[in-house]
Amino acid sequence: MELRAEASVRPKIQGLARRHTFAEFCDSDPCRESNGAPGGPFLSQPEQGRAAGADVGTAEAGCGGGSPSPLQGRVQAPPSGRLQAALGFKGLARCGEAALGGERGQFGNPQRLQEIVWGGCGTDAGQGRLSASVGRSSIFPPDLDVPRHSREPSLRTRVPARGPGRRRFPQALIVGVKKGGTRALLEFLRLHPDVRALGSEPHFFDRCYGRGLAWYRSLMPRTLEGQITMEKTPSYFVTREVPRRIHGMSPDTKLIVVVRNPVTRAISDYAQTLSKTPGLPSFRALAFRHGLGRVDTAWSAVRIGLYAQHLARWLRYFPLSHFLFVSGERLVSDPAGEVGRVQDFLGLKRVITDKHFYFNATKGFPCLKKAQGGSGPRCLGKSKGRPHPRVPEAVVQRLRDFYRPFNRKFYQMTGQDFGWD
Ligand SMILES: Nc1ncnc2c1ncn2[C@@H]1O[C@H](COP(=O)(O)OS(=O)(=O)O)[C@@H](OP(=O)(O)O)[C@H]1O
């Protein structure tokens, strides 16, 4: 039996009655999934057919996904080749390809690619460089809106000067949570003519902060006056330094958090790692210390679900009014409704409506009738909506009990009941 803790969600779009159990729709090039290539990570139906059965890896496991590996805190020895893959090294290589394909204007040069993917962002060595250079980068340039070439010759060659509009800092960020449905939300929002979003996850505020704000802005798509710049990096929500850093960029930043039943989220997180590491210990072995003893909150797949704790850190920097909490479950059962709330929150006209979605019975998820830049119907790739491994009911129940007080606290803090208990 496939475990889906959110199975009770009542479908609102027609035909949304069952979840898929296999990934028939594949993204043979996982990089397309996070790169903002034409059509973003969505695959047209013919493409899905062609790609069926291909490698499961995703760019988001390396430069995407981004949250600490589900093994963090449990694996002391240097990772084996296979484990390295699970930890995202392969993903980083793929991410490189993604960047090449998706942001050719900026990343068409392999050297540049190397810098972005490996150069201090997301690697241990990089973390060292990062902390060493934080002092430098934390000096916010006096006016980042003056033409960058007057200040930063090194960036001049990277960013073509042509094209309408300007590159701006994001006014809104999807900061989490990993496996919450962040990719779906971003791709849905990209349908809006007043939203321009970076396709890949830049991981600036967690891994790449040492590169400086000007570098970050140089990654952004150009926008015209009135358009909103966005990016999504799900690991932001759980990374200690991120709220302060985002506040440093702009205290007005709007923050979107897609949350999902933490039990299902943890299993989804585990499923992602398992897809790349077949020999992984069982979910149960990783989630509990001894048998069904203490829940292991050092395991990131468990820790990420302590939403109340993470939110408490953010609230030291941002008032609650700056947040929108999107239900990952409703994003599946009623995508137009949830995206409607997001459009309101962003001050946008409700352009994305029911008319944009259809339920794809094979995928088991809502898909777009026509994705941004594409011509036909598109679903997310096969790493979105994976079958989950079988997890014993006792394990699920034990985790539900564990999360209950944290969930209640989270409902209290946000004023929203997500119905997970
Ligand atoms: N429309 C649509 N299509 C496919 N998948 C959808 C969709 N809407 C939400 N979801 C759910 O998104 C889950 C993946 O979440 P994220 O995109 O946040 O993952 S990641 O952190 O970026 O890796 C993914 O989790 P799994 O089902 O566990 O794979 C999906 O349940």
Side-chain angles (χ1 to χ4, degrees), residues 2-7 9 11 13 16 19-27 30 33-34 40-43 48 56-70 88 91 95 174-189 191 199-201 203 231-238 256-276 283 300-301 304 326-336 338-339 356-360 362-369 371 377-389 391:
E2 189 190 48
L3 183 131
R4 289 286 188 182
E6 75 265 29
V9 172
I13 64 174
L16 184 47
R19 305 288 302 265
H20 73 125
T21 51
F22 64 100
E24 182 177 330
F25 291 65
C26 304
D27 41 352
E33 187 147 9
S34 69
F42 284 89
L43 296 179
Q48 287 165 346
V56 185
T58 76
E60 293 198 4
C63 55
S67 305
S69 154
C95 174
I174 299 176
V175 294
V177 300
K178 186 184 179 194
K179 308 319 291 180
T182 56
R183 175 52 62 188
L185 178 62
L186 190 74
E187 294 312 316
F188 297 163
L189 285 174
L191 290 175
S200 57
E201 295 176 6
H203 282 278
E231 63 113 329
K232 79 117 178 162
T233 303
S235 47
Y236 287 166
F237 191 61
V238 299
I256 299 171
V257 194
V258 187
V259 287
R260 180 181 184 186
N261 184 328
V263 180
T264 328
R265 198 220 67 80
I267 296 170
S268 169
D269 204 334
Y270 173 79
Q272 174 164 296
T273 312
L274 188 65
S275 71
K276 294 164 208 139
F283 179 87
S300 71
I304 290 170
V326 172
S327 157
E329 286 81 12
R330 282 199 296 272
L331 195 59
V332 175
S333 63
D334 178 17
E338 259 342 68
V339 173
H356 290 89
F357 301 96
Y358 76 102
F359 177 72
N360 183 306
T362 316
K363 175 82 179 161
F365 280 90
C367 295
L368 292 175
K369 286 185 184 159
R378 285 174 187 249
C379 297
L380 286 178
K382 76 171 182 183
S383 70
K384 306 298 180 190
R386 280 194 183 94
H388 288 181
V391 175

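Each ligand, and each atom within it, is numbered from 1 in the order the structure gives.
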Note to self: Tell me the nearest of His388, Arg386, Lys384, Glu329 to atom 28 (O) of ligand 1, using heavy-atom distances.
What the structure shows: His388
Check: So, does Val332 sit close enough to ligand 1 that a heavy atom of it is under 4.0 Å from the ligand?
Finding: yes
Margin query: Check for me whether Arg260 has a heavy atom closer than 4.0 Å to any atom of ligand 1.
Written below: yes
Next item on the list: Pick one of side chain, backbone, both or neither for how Val177 approaches ligand 1, counting any non-hydrogen atom pair under 4.0 Å.
Entry: backbone
Check: Can you find an N or O of Ser268 that's nearer than 3.5 Å to an N or O of ligand 1?
Finding: yes
Check: Can you find an N/O atom of Gly328 closer than 3.5 Å to an N/O atom of ligand 1?
Finding: no
Note to self: Using heavy-atom distances only, which candidate in Phe359, Phe365, Tyr270 approaches atom 7 (C) of ligand 1 most closely?
What the structure shows: Phe365
Next item on the list: With sequence neighbours excluded, tell me which residues meet salt bridge (Lys or Arg N to Asp or Glu O under 4.0 Å) with Glu231.
Entry: none
Item checked: With Leu185 via side chain to side chain contact (heavy atoms under 4.5 Å, CB included) - residues at least two apart -> Ile174, Leu189, Ile256, Val258, Val326, Leu331, Val339, Val342
Item checked: For Lys178, the ligand 1 atoms whose distance to one of its heavy atoms is below 4.0 Å -> 21 (O)
Check: Applying a 4.0 Å heavy-atom criterion (strictly less than), which segment of Arg265 is in contact with ligand 1: side chain, backbone, both, or neither?
Finding: neither
Margin query: Looking at ligand 1, would Thr264 count as a contact under a 4.0 Å heavy-atom criterion?
Written below: no
Check: Would one find an N or O of Lys363, backbone or side chain, under 3.5 Å from an N or O of ligand 1?
Finding: no
Notebook entry, point to check: Going by the atom numbers of ligand 1, which of them fall below 4.0 Å from some non-hydrogen atom of Glu201?
Noted result: 22 (O)
Item checked: Proximal candidate to atom 8 (N) of ligand 1 [heavy atom criterion; set Pro335, Pro366, Ser383, Ala184] -> Ala184
Check: Hey, is Arg260 close enough to Glu329 for a salt bridge, meaning N to O under 4.0 Å?
Finding: no
Note to self: Is there a polar contact, in the sense of an N or O pair closer than 3.5 Å, between Leu380 and ligand 1?
What the structure shows: no
Next item on the list: Would you check whether Phe188 has a nitrogen or oxygen atom less than 3.5 angstrom from a nitrogen or oxygen atom of ligand 1?
Entry: no
Checklist line | Any donor-acceptor pair under 3.5 Å from Arg265 side chain to Val259 backbone | finding: no
Check: Out of curiosity, is Ala271 lining ligand 1, as in a heavy atom under 4.0 Å away?
Finding: no
